[in-house]
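The next block holds one structure in the form of structure tokens; read it before the comments.
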Amino acid sequence: MGMFGPRKSFEASAHGQDHSLAKTLSWPHLIALGVGAIVGTGIYTLVGVGAERAGPGVILAFVICGVICACAALAYTELATLIPAAGSAYTFSYTALGETVAWVVGWSLILEYSLACSTVAVGWSGYLVGWIEAAGVHLPHALLVGPHGGGLVNMPAVLVSLGVMGMLILGTRQSATLNIVLVLIKLVALTIFVVYAAPAFKADNLHPFMPYGFGSTELGGHKRGVMAAAAIVFFAFYGFDAVATSAEETKNPKRDLTIGIVGSMLVCTVIYMAVAVSAIGALPFTQLANSPEPLALVLRQLSQPFAAQLIALAAVIALPSVILVMMYGQSRIFFVMARDGLLPRGLAKVSKRTGSPTLITLLTGLSIAAVAGFFRLDEIAELANAGTLIAFISVGICLMVLRRTAPQLPRLFRCPAAYVVGTVTVVGCLYLLASLPSSTLARFVIWNAAGLALYFAYGRRKSDVGNPVARTA
């Protein structure tokens, strides 16, 4: 029993057939899962939101987030190969720190993944509507945005969420294979964007580089500055953690997880720098600010309507891959918490036909569709970021704790300068967390207060680790 409750042993990842996930994934699937999650709404849509908060300094915001996430990715890789079980940061925290911390991390991850899915669904809707209207077709406004925008419901966002849910229910391998195709479409589209936008680069568009300064400050009731932008474009980088949640379904986790997590981060960092510099250099940031389809907007302003249509069409076709990966990650976190007894065990039932948790996937998809239909993109993304930052902080701590408490365990991948990497991850994520709007932090505290109430009322009494007899109860 540790300071933060009982800890899960390294051997506790073995489960019965009805509660084990099928091993169907290899490293190409994992790189595609990572790139599929990382390259999405963040670069397609949140570039505009970030530019509104930081001006051209949004480029620096991407760099800062990339460094912090690269450190987190190294920590995730060591831990995922050391503890190749479903649950990612939740499972790492359970093993290294204790059950109470694991609950907070798991509850935060549920928030992260579900809201990330909803954010991408809203971003996808913006590109779909822009593409349709550019073709001269105008749809009822009431069905295109939620109440915040003067409408009733964002119906496209609801429909894409339910569609992806259906794909995941069919099975993990089929979904992951389709995801590879969607990832290739996104990469081709972003390459087309850079080819057209980079030659239009104007140095004048980068001045002033930081019109609102570096730190996150409140101006006119809104957060401004490079760190304020970083706190939201951070959303653009995470996704590799979804790869870690697939550990139990990976054929050769020690090899494939290393390739999948590190490989997807390297690919995406290069892509992001190229796209961000091209977009900000081609158009004044004031024109990009808060555009629901900033990349397509840049190409239209450069008199490239056909390329703009291709970018928008690629987003419409391929952004659902991000929803797929995030919904997959959320359902697996939910699944493993239920399997551990912290949530009702009936939720951890695995379909014998597909090897995936059908009931949890269904509940996840319905809740994501509801949020996507009624809430605003930036608010959803900020709250999702809060959940992710907590998970990353925990992973950085777990890396350092296990180096101290379990140095003898074999590590196929050893994170270089582990204590430096862990410290940068923890401190960087704390700074980003503090840079979020106070209203977002208040909502996040409320979410976790409700979660802790559920934990002490139910999960702590039913936990398999804390109450071994509960497994047979």
Side-chain angles (χ1 to χ4, degrees), residues 35 38-73 123 186-187 189-217 219 222-239 265-299 301-302 311 315 377-378 381-382 385 389 424 428-429 431-432 435-436:
V35 175
I38 299 169
V39 178
T41 290
I43 197 66
Y44 272 97
T45 302
L46 291 178
V47 171
V49 178
E52 186 264 340
R53 297 189 178 192
V58 69
I59 297 172
L60 181 57
F62 274 112
V63 174
I64 292 168
C65 291
V67 171
I68 294 172
C69 287
C71 289
K186 282 193 292 189
L187 295 183
L190 292 176
T191 301
I192 291 173
F193 172 79
V194 172
V195 167
Y196 280 104
F201 181 89
K202 294 180 181 178
D204 289 345
N205 288 334
L206 300 185
H207 298 288
F209 187 70
M210 294 189 292
Y212 308 114
F214 179 81
S216 177
T217 56
L219 294 173
H222 299 282
K223 289 279 190 176
R224 293 286 187 274
V226 171
M227 289 309 299
I232 191 166
V233 302
F234 173 78
F235 182 92
F237 276 93
Y238 64 78
M265 268 301 298
L266 289 175
V267 169
C268 293
T269 299
V270 172
I271 292 169
Y272 275 22
M273 291 303 99
V275 172
V277 171
S278 298
I280 300 296
L283 209 64
F285 78 90
T286 52
Q287 295 184 41
L288 284 176
N290 285 326
S291 168
E293 40 162 6
L295 303 190
L297 172 65
V298 168
L299 294 178
Q301 293 296 317
L302 295 178
I311 289 289
L377 182 142
D378 58 343
E382 286 169 342
N385 283 358
L389 288 166
V424 170
C429 289
Y431 191 12
L432 288 174
S435 299
L436 287 168

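The first residue in the sequence is number 1, and the count goes up from there. In this text the structure is predicted, and so the values were computed from the model without any measurement.
Every residue two or more places apart in sequence or in another chain was checked for a side-chain contact (heavy atoms from CB on, under 4.5 Å) with Pro199, and none qualifies. For Ala274, the side-chain contact (heavy atoms from CB on, under 4.5 Å) criterion is met by Val194, not counting sequence neighbours. Under the side-chain contact (heavy atoms from CB on, under 4.5 Å) criterion, Leu187 pairs with Val35, Val183, Ile271, sequence neighbours left out. A search for side-chain contact (heavy atoms from CB on, under 4.5 Å) contacts involving Cys71 returns Val421, Val424, Thr425, not counting sequence neighbours.
Smallest separation of non-hydrogen atoms from Ile311 and Ala296: CG2-N, 4.2 Å. Between Val275 and Phe193, the shortest heavy-atom contact is O-CE2, 3.7 Å. Residues Ala197 and Leu302 approach most closely at CA-CD1, 3.9 Å, considering heavy atoms.
The aromatic rings of Phe285 and Tyr212 lie perpendicular to each other, with more than 60° between the two planes, well past the 30° mark.
Distance check, rounded to the nearest 0.5 Å: CG of Asn385 to OG of Ser435 gives 11.0 Å. The line from CD1 of Ile280 to CG of Asn205 is 8.5 Å long, rounded to the nearest 0.5 Å. Considering CG of Leu436 and CG of Leu389, their distance stands at 6.5 Å, rounded to 0.5 Å.
Annotation: side chain of Leu60 is in contact with side chain of Ile64 (closest heavy-atom distance under 4.5 Å). Using a 4.5 Å heavy-atom threshold, the side chains of Ile68 and Tyr431 count as separate. Put simply, the side chain of Pro56 reaches to within 4.5 Å of the side chain of Pro211, judged on heavy atoms. Between Leu288 and Val298 the shortest side-chain heavy-atom distance falls below 4.5 Å.
Within the structure, the side chain to side chain donor-acceptor pair (under 3.5 Å) test picks out no pair touching residues 60-69 (sequence neighbours left out). The salt bridge (Lys or Arg N to Asp or Glu O under 4.0 Å) pairs that include a residue from residues 195-210 number zero, where partners must be two or more places apart or lie in different chains.
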Donor-acceptor pairs under 3.5 Å, side chain of residues 223-234 to any protein atom, not counting sequence neighbours: which ones?
residue: Arg224; atom: NH1; partner: Glu52; partner atom: OE2; Å: 3.4
residue: Arg224; atom: NH2; partner: Glu52; partner atom: OE2; Å: 2.5

